[in-house]
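Everything on this sheet refers to the single structure shown next.
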Amino acid sequence: MHRLRSTFLRSVLQACLALGLAVATQSEAVAQRAPASAVLDAPSVTAAYILNFIRFTEWPAAAGGKPVPATPEAPYVIGVAGNRELLDALIQITEGQRVRGHPLHVINVKSTDDLPACHVAYLAPPGGPYNDTTLRIPDALQALQGIPVLTFSTAPGFTRSGGVVQLFQEGQHLRFEIAADTARSLGLTIHSRLLALARPAPAP
Amino acid sequence: MHQAARYLRLRIHANHLVLGIFPFLAAPYAFAETADKLASLELEKLMELPVETVSGVSKYEQSIRQAPASVTVLTAADIRNYGWRTLSDALRTAPGFHIRNDRFYEYVGNRGYTRAYDYNSRTLVLINGHRINDPIYQLGAIGTDFLLDPDLIERIEIIRGPGSSVYGSSAFYGAVNIIPKKGRDLAGGQAALALGSSPDTKGRVSYGDRTPSGVEYLISATVADSHGESDFALPDSWRTATGRPDAKISSEDGTRQQQLYAHASYRGFETEAAYGRREKDVLPNVYNTYPGAHAADTRAYWLARASGHVQPDATLEAKTSIDYYDYDGHFMPEGYGFHRFHPTASSVSLNHELRYHQTFTDGHSLLLGTEIQNNLRLKTTGKDLDDPSQSLMPVNVSSSYVSPFAQFDYQLLDPLRISLGGRYDSYSTGEDRFTPRTGLIWDATSATTLKLLYGESFRVPNLEERYPTEPGSSANPNLRPEINRSWELVAEHQLSPTWSADAHVYHTQSFGLIINYANSTDYTTTGTELGLNSYLTNGILIRTSGTWQNTRDESTDSHAADSPHLLGKVNFSAPVYSDWLRASTELQYVSKRDDFTGSELGEYLTANLTLRAAPLWRSWSASISLYNIADAHWSEATNASRITTPPRSAVLRITRDF
């Protein structure tokens, strides 16, 4: 009984293999028709957004004790709180990249004490089972009050509670809302090109 | 959004499981390539890119749709949420697994298969793709003898089904790959303390970071101590033999552990070292030994890895490592007339591996590699301290194997992919074996994936099987490798943005299983697994599975021992108060089965609960875990008899980042 079944399965498999090899060797045309299935992972795209934002944002010269990178070799510091995948993606995308001559350094933010040293901070929404940070967004924004840090989050209502950029998904696309007034009050100059691309986030 | 991140990231990892490349190695290059392209894109272009729709959900089960194996991925978050104390606690929640614990080692039951005296030699355990099963017993450590503190695990990849086409011997019924944390995960120091029962006390100090220059490092030390239980009966045979009917036992279930782990990397270079020592008091009634029996397992390894691009789409990676294993036992077993018996084993092995991986346009890819292992020293002794004439002949040998392997993944049509892989293992002990694996993967609709998988696997006899240490057993020169063949049909379906389901039907045939030092047994298993998983937007996480399996011992035409027909698992985690207190509970059901002596073991249902507050206050977090909440009593099979499982217990954990 088992033997029968296995023989049958083996025949099916061999047929599949034969078919597979036939198609595989048949023509390049088949191969070319098959599009490279572009699986775009959200952290990589988010990291690319953040990189673009750094390129199109200017930090105030030494404003609020939080200078632009002081020396040419001093990096822009990007802090990530509570998102391991984005941390990996940012480390990957910033490797070898420079913005206005400065390198980029990505850090894992574990507490509010780490935040003032950042130029950019990504704050994961709390409460998710995968968010291992002990940092809460209101505490983080409190610690950053008046300090020119370009903050990102996907938390609903982020821009209304003192955050600068809120990321959200609209269908298959990643979109963002910018709290232009907040940015201005912090002394961050966000390029008009980014402001033009921003759109209002859906109500929480 | 970060949930989305998780979903997609794991999907990419999974794609590399397809390639037979350990994801932690291949992923950086996959990302490097994508990252370079993405970094050069302007925002307007980025905004046109389709990102997988996730609407705040993460389906990590779904994310492994592309893998030609049945893969379960568990993470550091699961370990924290459910309070898993050992790797075995994690495996208990995986479909198709049931674990038995005889208070010395823990044993994997994998898709209906488990054996007495099987030291998990048919499930391969790896850390970062590095083989942990030692060359003497091929022991896949999953309990307190595993050399890495579970707190340091970032991800656990559980691969069910044959894995020899990539991993070689011992990936017989499955493989478990552990990805440890890195410096970036700690970004500073962390201290953790656990108090309770089993472990009674455990302390850990870790420090790690990633510097602006790109150097990443982590170092960690753990010490744990447990008293265990102390109301076990002495074996009657011992009472009779020694004429001491009133003898008492003081401590017989204690555990003492020391673990060290270090990792450093810079660009394409990586080095890693691990050390773990576990001393265990061995229950006299389980092993029919005099009270006071104890044994120590010590494992250590060091490895170095270098990798880089040789062409834009091709990477080359080299790895070299040295492994050490030592076993030191002190028994007074019945089999040796209650003489003091002192078995030891030790091994030193070198392992080298070279891999070349190329991706082509249209999604095809090729992997070529070779693994060479040189077991410089394989040594066992068994001294009878009371009657040296009964001592075992010491064994001191060396051995080696060379194993080239290849895998080709071909995108036949847009939704249809074929994966062809194979590995040829050639052992100095005379065994040669080619193991193929193939998978046909069809994305039938945007929500449904079907897979047809066939794979073979093998296991070479281990040193203990070649040179038995059991009293009265003699070496069998005719031992052959065990062979396994497995067919599997998998369907995975996304029911809604938040729910997904999967179904597996498999048929496995194992030939020449080594039982009692001979290739005496054939097993056949037919089974099905159903899974239903959800990650709701409000932070609730549900993972359930049900298994029906039927394992026959063809040699005796009977149902296999310790092989339950039914398994059921539910893992449920939800925020209970605000965003900082989370409750996570797990239920595990195992149906009745026979122990190895043929008598029936009852079914059981057990539940665990963990409450975790993070942050408790500033950088402090805390959790409390209750294991076996209902204090259910059931028996598990042991090699020679059965044992009642531990009663209800609790552990309080406090962690501080600094």
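In what follows, every chain begins at residue 1, and chains take the letters A, B, ... in the order their sequences are listed.
Within the 4.5 angstrom heavy-atom criterion, no atom of Leu581(B) approaches chain A. For Ser584(B), no part lies near chain A; criterion is any non-hydrogen pair under 4.5 Å. If you measure heavy-atom distances from Glu170(A) to chain B, you find no contacts under 4.5 Å at all. Both the backbone and the side chain of Leu43(B) come within less than 4.5 Å of a heavy atom of chain A.
Test Ile107(A), Val106(A), Leu87(A) against Arg184(B) for side chain to side chain contact (heavy atoms under 4.5 Å, CB included) and you get one pass: Leu87(A).
In terms of heavy-atom pairs under 4.5 angstrom with chain B, the leader among Val80(A), Ile91(A), Thr94(A), Val77(A) is Ile91(A). Residue with the most contacts toward chain B among His105(A), Gln97(A), Arg175(A), Glu95(A): His105(A) (heavy-atom pairs, distance under 4.5 Å). The greatest number of non-hydrogen atom pairs below 4.5 Å with chain A, out of Ala187(B), Ser213(B), Pro415(B), is found for Ala187(B).
Contact residues of residues 48-57 of chain A toward chain B are Ala48(A), Tyr49(A), Leu51(A), Asn52(A), Phe53(A), Arg55(A) (heavy-atom distance under 4.5 Å).
Taking CG from Leu194(A) and CD from Glu44(B), the interatomic distance works out to 8.0 Å, rounded to the nearest 0.5 Å. In this structure, Asp185(B) CG and Lys110(A) NZ are separated by 7.0 Å, a value rounded to the nearest 0.5 Å. Atom CG in Leu197(A) sits 5.0 Å away from atom CE in Met47(B) (nearest 0.5 Å).
Counting heavy atoms from C-beta outward, Arg193(A) and Glu42(B) have side chains that approach closer than 4.5 Å.
The environment of CZ in Arg267(B) is sparse: at most 12 heavy-atom neighbours from other residues, nucleotides or ligands sit within 6.0 Å.
Annotation: salt bridge (Lys or Arg N to Asp or Glu O under 4.0 Å) contacts involving residues 146-158 of chain A, sequence neighbours excluded, are absent.
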